[in-house]
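Right, one structure below, let's go through it.
Just so it is clear, the structure is predicted and the values come from calculations on it, not from any experiment.
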Amino acid sequence: MQELVDIVNEHNEVVKVVPRPEMRAHRLPHRASYIVCVNPEGRFLFEIRTLCKDYAPGLLDACIGGVVQAGEDPKVSARRELEEEVGLDAARLQFHDLGTMRIDYPKDNPRSFLFGYLFLAVGDGITVRQASEVSGIMYLSLEEMRRLTPCFTTDSVTAFDEILKRARERGLL
């Protein structure tokens, strides 16, 4: 079965549903979930993307997450992605919904954007990576991550920074 994706307008309203390859090929605006995972020692979980990904193969991801499927609740999407990609159960973590933000891609295509649903997951657990999506995982301090920023996907760093900002404002970090 081909994955279907909701295409949204500038008000985050669904305007049509298309297969994921069409969304990627035409850089259509869509929704995605972004989860920052931090362990009790204050180290953040980052992913190394596989080389077969349809977006940014081989780069690092500052957030766990992915495209929200057509008709899927973004919170359900985030929990699903957390389980699928790194084997973490959101029910066993402190899982916080931090709202939505628009992420633009002005360098690639001035009309290309997405709406990111932002989450923070705090806790510890045994991770099991999804081999088809994730080549590896690592826990880094914020300082270590910043040194590697050029190696991360732009959207994940944008979401990561906003999640940290909102989490700090709410006293979660």
Side-chain angles (χ1 to χ4, degrees), residues 1-8 17-39 43-70 72 74-90 93 101-121 124-164:
M1 270 178 35
Q2 196 168 54
E3 182 180 342
L4 297 176
V5 178
D6 288 332
I7 304 306
V8 297
V17 177
V18 302
R20 183 181 176 126
E22 183 179 336
M23 178 271 292
R24 286 286 185 227
H26 300 290
R27 298 181 179 181
L28 299 173
H30 58 284
R31 296 173 174 152
S33 59
Y34 294 89
I35 307 106
V36 166
C37 294
V38 61
N39 69 15
R43 297 179 73 78
F44 297 92
L45 174 64
F46 300 109
E47 295 179 333
I48 304 165
R49 299 170 65 84
T50 61
L51 294 175
C52 61
K53 295 288 286 181
D54 64 358
Y55 165 71
L59 292 182
L60 301 177
D61 255 333
C63 300
I64 311 303
V67 174
V68 176
Q69 296 176 4
E72 186 177 32
K75 193 169 191 172
V76 171
S77 171
R79 290 172 177 271
R80 176 182 53 76
E81 293 285 358
L82 196 57
E83 176 74 32
E84 286 178 0
E85 290 188 9
V86 293
L88 293 174
D89 181 357
L93 304 169
M101 76 177 294
R102 178 178 161 142
I103 300 175
D104 292 295
Y105 293 98
K107 291 179 186 174
D108 300 325
N109 178 345
R111 293 183 306 266
S112 184
F113 64 90
L114 63 84
F115 281 94
Y117 290 81
L118 312 177
F119 301 91
L120 175 69
D124 223 348
I126 297 172
T127 58
V128 181
R129 70 178 177 81
Q130 181 182 23
S132 63
E133 300 265 337
V134 181
S135 289
I137 57 172
M138 57 189 155
Y139 280 95
L140 301 174
S141 69
L142 186 56
E143 296 76 26
E144 292 166 331
M145 179 267 192
R146 294 296 183 211
R147 286 195 295 268
L148 293 172
T149 296
C151 302
F152 283 90
T153 62
T154 304
D155 62 307
S156 74
V157 171
T158 300
F160 180 88
D161 289 341
E162 186 63 22
I163 291 167
L164 286 189

Worksheet, complete the sentence: Correct closest heavy-atom pair for Ser33 and Val68 would be N-CG2, 3.9 Å
Discussion item. Could you go through Leu88 and Ile35, starting from their C-alpha distance and side-chain angles, then the distance that decides it, and tell me whether this counts as side chain to side chain contact (heavy atoms under 4.5 Å, CB included)?
Written reply: CA-CA 11 Å; Leu88 293 174; Ile35 307 106; over 6 Å; no
Practice prompt. Would you indicate whether the side-chain heavy atoms of Glu162 and Thr158 approach each other to under 4.5 Å?
Written response: no
Worksheet item: With ring centroids as reference points, do Phe152 and Phe160 lie under 6.0 angstrom apart?
Response: no
Discussion item. Do Cys63 and Leu118 have side chains that approach each other closer than 4.5 Å (heavy atoms only, starting at C-beta)?
Written reply: no
Worksheet item: Is there side-chain contact between Glu22 and Ile7, with heavy atoms separated by less than 4.5 Å?
Response: no
Item to complete: Considering non-hydrogen atoms only, spot the tightest contact between Ala56 and Thr153 and give its length.
Response: CB-CG2, 3.4 Å
Discussion item. For a 4.5 angstrom cut-off between non-hydrogen side-chain atoms, does Asp155 reach Tyr34?
Written reply: yes
Practice prompt. Evaluate the side chain to side chain contact (heavy atoms under 4.5 Å, CB included) criterion for residues Phe119 and Arg79: first the C-alpha distance (whole Å), next the side-chain angles of each, then the deciding distance (0.1 Å), finally the verdict.
Written response: CA-CA 10 Å; Phe119 301 91; Arg79 290 172 177 271; over 6 Å; no
Discussion item. Within this structure, what is the OG-CG distance for the pair Ser135 and Leu60, rounded to the nearest 0.5 Å?
Written reply: 10.0 Å
Worksheet item: In Å and rounded to the nearest 0.5 Å, what is the CE to OH distance from Met23 to Tyr55?
Response: 11.0 Å
Discussion item. Could you check whether Asp124 pairs with Arg43 (Lys NZ or Arg NE/NH1/NH2 to Asp/Glu carboxylate O, under 4.0 Å)?
Written reply: no
Fill in: Mutual orientation of the aromatic rings belonging to Phe115 and Phe113 [parallel < 30°, tilted 30-60°, perpendicular > 60°]
perpendicular
Worksheet entry | Residue pair Glu47 / Glu85, side-chain heavy-atom distance below 4.5 Å | yes
Worksheet item: If you take all heavy atoms of Val5 and His30, which pair is closest and at what distance?
Response: CG1-CB, 3.7 Å
Item to complete: Working to the nearest 0.5 Å, report the span between CE of Met145 and CZ of Phe46.
Response: 5.0 Å
Fill in: Euclidean distance, Gln130 CD relative to Ile137 CD1, rounded to 0.5 Å
12.5 Å
Worksheet item: Between Gln69 and Glu3, is a side chain to side chain contact (heavy atoms under 4.5 Å, CB included) present by the stated rule, with each step listed?
Response: CA-CA 7 Å; Gln69 296 176 4; Glu3 182 180 342; 3.5 Å; yes
Worksheet item: Do the side chains of Phe44 and Glu144 get nearer than 4.5 Å, heavy atoms only?
Response: no
Item to complete: Output yes when a side-chain donor or acceptor of Arg129 lies under 3.5 Å from a complementary backbone atom of Val134, and no otherwise.
Response: yes
Practice prompt. Any chance you could measure Asp61, atom CG, to Ile48, atom CD1, to the nearest 0.5 Å?
Written response: 10.5 Å
Discussion item. Could you tell me if the side chain of Leu148 sits less than 4.5 Å from the side chain of Leu140, heavy atoms only?
Written reply: yes
Practice prompt. Flag the pair Leu45 / Asn39 as yes when at least one side-chain heavy-atom distance between them is below 4.5 Å, and no otherwise.
Written response: no
Fill in: Shortest non-hydrogen separation from Met101 to Ala159 and the atoms involved
SD-CA, 4.2 Å
Worksheet entry | SG-CZ distance between Cys151 and Arg49, expressed to the nearest 0.5 angstrom | 14.0 Å
